[in-house]
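Quick one: the structure is below, questions incoming.
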Amino acid sequence: MIEFTRRAALASVTALGIAAMGAPVVADGHKVTFTLATSGSETDQRSVAMAEVFAPMVAEFADYQPGYNGTLFAQGTELEAISRGNLTMSIASAQELAQFFPEFSIFATGYVHQDAAHQVRVFNDPLMDPFKKTVEDELGVKLLSVMYLGRRHVNLRQPRSEVDVQTPADLAGVNIRMPGTDAWQFLGKALGASPTPMAFTEVYTALSTGAVDGQDNPLPTVVDAKFYEVTKQIALTSHLVDLNYIAFSKETWDSLEPDQQLVVQRAADAAAAYGRLKQLDKENSLADFIRSQGVEIYTPDLEAFRTHVQAQYVGTEASEAWPEGVLERINALGN
Ligand code: KDO
């Protein structure tokens with residue numbers, strides 16, 4: 001007899017739940033379920049913004065059900081899940097989109113976005129229309145709004161006395177965990193390091209055991225994931241002003257009434273704006289706390305990093321998929 005373990009039971013419940021998620025809004029007055037999958041934690045500002053701002057705004061007709069820490073879908077598989085009708089929403093990266101549509105690598109390139117406001121201007125500019133249309137037409141995913149994750153920095157296990165990161169040359173041979181897609185790995189190499197692909201949920205353990213020498217993420221993530229417990233230094237490289245898109249199932253969108261679509265769009269914009277302010281605030285205030293935990297924080301030679309990283313993209317194979325003129329238009333929206 002096959003033993004019916006708790007694990008198997010949970011798996012079958014999850015499978016049933018997932019099968020129901022893609023179903024369109026029911027017309028009999030019942031609420032539709034908006035399931036969101038993220039590898040972020042419940043206390044990540046983007047998760048908080050979705051739970052505290054998005055969910056109440058859509059509550060009249062939708063029941064918001066988030067799954068944190070990659071529990072519903074593994075990092076990087078969420079877009080496909082939406083596309084297949086198994087998930088309603090995710091907090092998607094440009095790097096994940098670049099797996100389907102290589103032109104998205106332009107938004108995953110080091111030192112392209114200048115700050116949070118620049119990201120918003122780029123996302124709302126007509127230059128984004130063909131990108132959004134492709135994702136909608138070919139993947140069945142609507143990109144509703146842009147969320148701010150923050151400035152990514154190099155965060156190492158070793159103290160500065162062992163690896164003093166001033167220029168990309170100082171990262172030679174340093175094994176840095178980067179998320180597991182080509183665009184992320186390319187960025188790790190462009191920084192001068194030896195990148196290792198790994199899901200976000202594995203990073204704390206990998207740092208604590210020494211399976212990797214370091215990782216890159218913004219300061220709020222270093223605190224939220226407690227990476228300061230298992231690392232010794234942060235070089236403020238600011239190599240990527242990182243963003244995520246609020247990705248939404250087109251199938252579910254099309255099943256909503258026009259006034260409900262308006263509410264969903266407004267709720268996504270409001271959550272993104274709220275999360276952005278919170279994240280910026282954290283980014284500006286967390287360095288002292290991280291230092292108090294014994295992690296050294298310093299600014300390397302930013303010009304050396306910017307020049308080196310940009311040279312890896314512009315005029316190379318890495319930028320072949322970028323539509324003509326888009327980089328110039330992004331730059332023109334900068335400060
Ligand atoms: C990460 O894996 O390092 C990353 O920061 C990449 C982001 O795109 C985003 O997915 C994030 O993880 C997760 O939401 C966890 O914070």
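Order of appearance sets the numbers: ligands from 1, and atoms from 1 within every ligand.
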- Message: To the closest 0.5 Å, what do you measure between CD (Gln119) and CE (Met147)?
- Response: 11.5 Å
Less than 3.5 Å apart, which donor and acceptor atoms pair up between the side chains of residues 235-243 and the rest of the protein, not counting sequence neighbours?
residue: Thr237; atom: OG1; partner: Val154; partner atom: N; Å: 3.3
residue: Thr237; atom: OG1; partner: His239; partner atom: ND1; Å: 2.8
residue: His239; atom: ND1; partner: Arg152; partner atom: O; Å: 3.3
residue: His239; atom: NE2; partner: Asp216; partner atom: OD2; Å: 2.8
residue: Asp242; atom: OD2; partner: Arg152; partner atom: NH1; Å: 2.7

All N/O donor-acceptor pairs, side-chain side in residues 190-201, below 3.5 Å, sequence neighbours left out:
residue: Thr196; atom: OG1; partner: Asn175; partner atom: OD1; Å: 2.4

- Task: Report the relative orientation of the aromatic rings in Tyr313 and Trp322; use parallel for angles under 30°, tilted for 30 to 60°, perpendicular for over 60°.
- Result: parallel
- Taking only residues two or more places apart in sequence, or in another chain, which ones meet Phe248 in a ring pair (Phe, Tyr, Trp, His ring centres under 6.0 Å)? Phe34
- Query: Got the residues with a heavy atom under 4.0 Å of ligand 1, by chain and number?
  - Reply: Thr38, Ser39, Gly40, Asp44, Arg46, Gln75, Ser93, Leu149, Arg152, Arg177, Pro179, Trp184, Phe200, Asn217, Asn244
- Between CG on residue Asn284 and CG on residue Leu219, distance to nearest 0.5 Å: 9.5 Å
